[in-house]
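The chain is numbered in sequence order, starting from 1. Every value quoted in this text rests on a predicted model; they were computed, and no experiment measured them.
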Amino acid sequence: MDRAVSCCFSGHRTSRLPWQDNESDPRCLALKARLRAVVEQAYHRGYRHFLCGMAQGTDLYFCETVLALRREHPEVTVEAAVPFVDQAVRWPEADRCRRDVLLDQCDFETMVQHHYTPGCMARRNRYMVDRSSLLIAVYDGQPRGGTLNTLTYAMQKGVETVILELAEDANQSLIK
């Protein structure tokens, strides 16, 4: 895929979200609406290929958002960048099923490596950034973690970033 029309995503897993797995929480609904708006903006700017790391939480929100966009615009493609084969083996069954349904709908699936190693998530994130000119991130502002590392790497590589802050207030909808 052409990097100039490719967009990737990074964000927090369920355990880092203020609402955990309660997706009916108004803050979660507000984040999903902001994510939808940013993905649509990316589409209108010419982005057609979207890469997702398929982790629990915001990665799956992103994948669902892009798949919904693809239903309206069939030229959109979705690539699942899976860090290692058994990524979801220890997840709750509902999360595994959700991920499997999404994987089946992706246009491409890239297995970054076969087995788990301590650096495999970072390797997956670098894979996505290296193939994109835009990174959309859901970030809580904490000075540690994979999302911060991915944002830092993207900025070092000159990749444009759009940061959606986690809203403490459901009415917060500013895009940074």
Side-chain angles (χ1 to χ4, degrees), residues 1-17 20-21 31-32 35 38-39 42 47-70 76-166:
M1 281 295 151
D2 181 1
R3 183 176 190 205
V5 297
S6 296
C7 169
C8 65
F9 177 83
S10 184
H12 299 306
R13 290 179 181 80
T14 309
S15 62
R16 286 267 300 263
L17 301 174
Q20 303 284 300
D21 63 356
L31 175 64
K32 287 181 178 184
L35 186 57
V38 169
V39 167
Y47 289 91
R48 298 295 182 265
H49 183 67
F50 295 83
L51 296 97
C52 179
M54 303 307 291
Q56 287 172 293
T58 57
D59 276 25
L60 298 185
Y61 303 170
F62 176 77
C63 190
E64 289 166 343
T65 299
V66 175
L67 289 169
L69 179 72
R70 188 180 69 186
V76 166
T77 57
V78 184
E79 180 179 351
V82 179
F84 65 103
V85 172
D86 291 329
Q87 175 187 24
V89 76
R90 294 185 181 162
W91 294 7
E93 183 178 355
D95 288 346
R96 282 195 317 270
C97 290
R98 181 181 189 178
R99 177 185 174 269
D100 289 346
V101 166
L102 294 173
L103 274 173
D104 286 344
Q105 296 176 65
C106 289
D107 300 287
F108 306 98
E109 182 178 343
T110 301
M111 190 67 55
V112 176
Q113 64 184 57
H114 189 69
H115 297 289
Y116 174 83
T117 61
C120 68
M121 304 300 183
R123 183 173 290 118
R124 181 257 335 258
N125 296 340
R126 289 190 307 270
Y127 169 86
M128 293 190 303
V129 169
D130 289 344
R131 285 154 183 80
S132 301
S133 61
L134 176 64
L135 166 67
I136 298 171
V138 171
Y139 178 54
D140 63 6
Q142 294 299 310
R144 60 179 168 67
T147 301
L148 175 61
N149 294 342
T150 305
L151 280 163
T152 301
Y153 182 74
M155 289 181 220
Q156 290 169 346
K157 293 292 185 174
V159 172
E160 180 184 354
T161 60
V162 174
I163 301 172
L164 299 175
E165 291 184 345
L166 281 177

Which atom of [X] lies closest to which atom of [Y], heavy atoms considered:
X	Y	answer
Ala137	Leu151	CB-CD2, 3.8 Å
Ala55	Trp91	C-CH2, 3.8 Å
Met128	Gly53	SD-N, 3.5 Å
Ser15	Gln20	O-NE2, 3.2 Å

Would you say the side-chain atoms of [X] pair up with the backbone N or O of [Y], donor to acceptor, closer than 3.5 Å?
X	Y	value
Glu109	Cys106	no
Arg131	Arg3	no
Gln87	Val82	no
Arg13	Gly57	no

Who pairs with Lys157 by salt bridge (charged side-chain N to carboxylate O under 4.0 Å, His left out), at least two apart in sequence or on another chain?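 With sequence neighbours excluded, Lys157 shows a salt bridge (charged side-chain N to carboxylate O under 4.0 Å, His left out) to no residue whatsoever.
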
Between [options], which is the residue that forms a side chain to side chain contact (heavy atoms under 4.5 Å, CB included) with [X]?
X	options	answer
Tyr139	Thr150, Leu164, Leu166, Ile163	Ile163
Thr117	Gln113, Met121, His115, His114	Gln113
Pro83	Arg123, Arg124, Met54	Arg124

To the closest 0.5 Å, what do you measure between CZ (Arg126) and OH (Tyr153)? 6.5 Å

When rounded to the nearest 0.5 angstrom, what is the spacing between OG in Ser10 and CD1 in Ile136? 11.5 Å

If we count only N and O atoms by modelled type, under 3.5 Å, do the side chains of [X] and [Y] hold a donor and an acceptor together?
X	Y	result
Thr58	His12	no
Thr152	Gln156	no
Glu79	Thr110	yes

Any side-chain heavy atom of Val112 sitting closer than 4.5 Å to one from Cys120? no

Do Arg70 and Asp107 sit within salt-bridge range, that is, some charged N less than 4.0 Å from a carboxylate O? yes

Above 12 or not: heavy atoms from other molecules or residues under 6.0 Å from CZ of Arg98?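 More than 12 within 6.0 Å, yes.
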
For Phe84, which residues count as a ring pair (Phe, Tyr, Trp, His ring centres under 6.0 Å) partner, sequence neighbours excluded? Tyr116

Full working for side chain to side chain donor-acceptor pair (under 3.5 Å) between Ser133 and Tyr47: CA-CA 9 Å; Ser133 61; Tyr47 289 91; 3.2 Å; yes

